[in-house]
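First the structure, in the form of structure tokens, and then the observations on it.
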There are 2 protein chains.
Amino acid sequence: MKQKNGLSIGESSKQSGVNIETIRYYEKIGVMPVPDRSASGYRLYGADHLKRLSFVRRSRQLGFSLDEIRGLLRLVDGHAYTCAQVRELTLDHLAEIRRKIADLKRLERVMAEMAAQCSGDRVPECAVIDALFDTRPPAVEPSGRQPPMPTATSVMRRR
Amino acid sequence: MKQKNGLSIGESSKQSGVNIETIRYYEKIGVMPVPDRSASGYRLYGADHLKRLSFVRRSRQLGFSLDEIRGLLRLVDGHAYTCAQVRELTLDHLAEIRRKIADLKRLERVMAEMAAQCSGDRVPECAVIDALFDTRPPAVEPSGRQPPMPTATSVMRRR
DNA sequence: TCTTGACCCTGTAGCGGCTACAGGCCCTAG
DNA sequence: CTAGGGCCTGTAGCCGCTACAGGGTCAAGA
């Protein structure tokens, strides 16, 4: 598997935990650099590629968007980042996570309340359905934009 | 705006809070029924359509996927649902929300810890970057599938 | 009556972040 | 020499919309 000048994409995938298709995708969108190729056209990766792949994976796990990761990588690549810059991105992201948590907690409360209304009866009447058919507008809107989480998380108003 | 046989799509959009394009999209994917048309081909909506639109909107706000909503609507349309069936869907959904909250809270902790390591110095060394480059695997995997939230929410292992 | 502008129509393409294929080449083990 | 796994490129699909382009329709004002 291991050529003298690098690892195959499959080996890199195993070691970094990033899917093969995803590695090629990252290359296509410019998150990963174009790698060297073997004589027969196979991609060859070195230790620096592996580190970068792990960086991207880790950042994705932490919920950074690929765009945010591009920003982080630009700083890293330029060796020009300050800790303060990085912290700012991190804190922005943290704030967004907290917004999501708050939204989901409101959601949780509403769902739990709806479920609690259910008697489990066989009749075609159900508090949940009634609540969903209720046309009153929700009182709490989701806190700002949340593009990484397309399903809305706003909440019905208190009953 | 109001024709004798129904509301225009724009009026329905305003009253239901569902975007015009989204209403047409719902029709295309079969969540909304094909409406009557005026002589000139305009869609005409009645009170039942408005109720259904509100139902879908409300359910989306509560994080139900369109597929789950289709399930709810099938029950409603058949007038054959039991409260127990609906409650089951609701509780499933509630469990998923709770998983997401738990994942996000782990995330929050890790991000906050990382940010706290930051000194704000100008030097090109940063605890956040270091942590992201750290190749150790995360200890906590995300709890099951979470397709509605594509950004991963697994978390690095405790430092 | 004509014109303007708001509305509506269909159809298609794009978003993010992948994933899954189709149809081919390459490489190694038996 | 053949079978199988790996790798290649390119394209299409997933969700839940949103944003066009390129037209038709309708009502109010000059």
Side-chain angles (χ1 to χ4, degrees), chain A residues 1-4 6-14 16-32 34-45 53 56-57 59-71 96 142 145-154, chain B residues 1-14 16-32 34-45 53 56-57 59-70 96 142 145-154:
Chain A
M1 270 308 155
K2 193 175 178 176
Q3 304 244 37
K4 65 174 178 298
L7 300 176
S8 71
I9 195 172
E11 200 57 33
S12 305
S13 169
K14 263 174 216 149
S16 67
V18 180
N19 200 315
I20 289 181
E21 320 276 48
T22 307
I23 295 176
R24 286 197 280 250
Y25 171 71
Y26 285 165
E27 181 185 327
K28 194 168 68 181
I29 65 169
V31 162
M32 288 297 292
V34 173
D36 286 343
R37 299 283 184 135
S38 72
S40 57
Y42 286 17
R43 286 171 180 82
L44 296 175
Y45 294 100
L53 278 177
V56 175
R57 186 172 97 106
S59 306
R60 289 292 298 129
Q61 283 173 342
L62 291 175
F64 285 99
S65 70
L66 284 176
D67 222 49
E68 289 170 317
I69 293 172
R70 256 192 285 261
E96 207 175 322
R145 53 115 204 174
Q146 66 266 65
M149 187 169 168
T151 57
T153 45
S154 66
Chain B
M1 269 308 153
K2 193 172 178 178
Q3 303 243 34
K4 66 174 177 298
N5 287 319
L7 299 177
S8 70
I9 194 171
E11 202 55 36
S12 306
S13 168
K14 263 174 215 149
S16 67
V18 179
N19 199 315
I20 290 181
E21 320 275 49
T22 306
I23 296 176
R24 286 196 282 248
Y25 171 71
Y26 285 165
E27 181 185 329
K28 196 169 66 180
I29 64 169
V31 162
M32 288 297 293
V34 173
D36 286 344
R37 300 282 185 136
S38 72
S40 57
Y42 286 16
R43 286 172 179 81
L44 296 176
Y45 294 100
L53 277 177
V56 175
R57 185 172 97 106
S59 305
R60 290 290 299 128
Q61 284 173 343
L62 292 175
F64 284 99
S65 70
L66 285 176
D67 221 50
E68 289 171 317
I69 293 171
R70 254 191 287 258
E96 206 176 322
R145 53 115 204 172
Q146 66 266 62
M149 188 169 166
T151 58
T153 45
S154 68

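Each chain gets a letter, A, B and so on, in the order its sequence line appears, and its residues count up from 1.
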Exercise for the section: With heavy atoms under 4.0 Å as the rule, sort I29(A) into base, sugar-phosphate or nothing. Expected result: nothing
Completion exercise
From the candidates dC17(D), dC18(C), dC8(C), the one with an atom nearest any side-chain atom of L66(A) is dC18(C)
Handout entry: CG-CZ distance between L66(B) and R60(B), expressed to the nearest 0.5 angstrom
Key = 5.0 Å
Practice task
Calculate the interatomic distance between E27(A) atom CD and dG10(D) atom P; express it in whole Å.
Solution key: 11 Å
Practice task
Measure from CG on L44(A) to P on dG6(D) and round the result to the nearest Å.
Solution key: 17 Å
Problem - Pairing residues for D67(B) by the salt bridge (charged side-chain N to carboxylate O under 4.0 Å, His left out) criterion, not counting sequence neighbours - result: R70(B)
Practice task
Taking only the side-chain nitrogens and oxygens of Y26(A), find out if one of them lies under 4.0 Å from OP1 or OP2 of dG17(C).
Solution key: no
Exercise for the section: Describe the nucleic acid contact of I9(B) in one word from base, sugar-phosphate, nothing, applying a heavy-atom distance below 4.0 Å. Expected result: sugar-phosphate
Could you give the side-chain donor-acceptor pairs of residues 16-27 of chain A under 3.5 Å, partners two or more places apart or in another chain?
residue: S16(A); atom: OG; partner: S12(A); partner atom: O; Å: 2.8
residue: S16(A); atom: OG; partner: V18(A); partner atom: N; Å: 3.2
residue: N19(A); atom: OD1; partner: E21(A); partner atom: N; Å: 3.2
residue: E21(A); atom: OE1; partner: R24(A); partner atom: NH2; Å: 3.0
residue: E27(A); atom: OE1; partner: R43(A); partner atom: NE; Å: 2.7

Practice task
Check V56(B) against I69(B) and note the closest heavy-atom contact, atom names and distance.
Solution key: O-CD1, 3.9 Å
Exercise for the section: Would you tell me if any nitrogen or oxygen in the side chain of R70(A) comes within less than 4.0 Å of OP1 or OP2 on dG17(C)? Expected result: no
Problem - Atom pair distance, as rounded to whole Å: CD1 in I69(A) and C1' in dG16(C) - result: 12 Å
Handout entry: Atom-pair distance (CZ on F64(B); P on dG16(D)), nearest Å
Key = 13 Å
Fill in the blank from the handout: From CE of M32(B) across to P of dG16(D) the rounded distance in Å is 17 Å
Completion exercise
Taken to the nearest whole Å, CG/L7(A) to P/dC7(D) is 11 Å
Protein-nucleic acid N or O pairs under 3.5 Å, nucleotides 19-26 of chain C:
residue: dT19(C); atom: OP2; partner: T22(A); partner atom: OG1; Å: 2.9
residue: dA20(C); atom: N7; partner: E21(A); partner atom: OE2; Å: 3.3

Exercise for the section: Quick one: list whatever passes salt bridge (charged side-chain N to carboxylate O under 4.0 Å, His left out) with R37(A), sequence neighbours left out. Expected result: none
Handout entry: Gap between atoms CD1 and C1', on I23(B) and dC8(C) respectively (whole Å)
Key = 12 Å
Practice task
Report the distance from atom CD of E11(A) to atom C1' of dC27(C), rounded to the nearest whole Å.
Solution key: 16 Å
Problem - Phosphate OP1/OP2 of dC8(C) contacted by R43(B) side-chain N/O (<4.0 Å) - result: no
Exercise for the section: Report yes if a side-chain nitrogen or oxygen of R60(A) is closer than 4.0 Å to either non-bridging phosphate oxygen (OP1 or OP2) of dG16(C); otherwise report no. Expected result: no
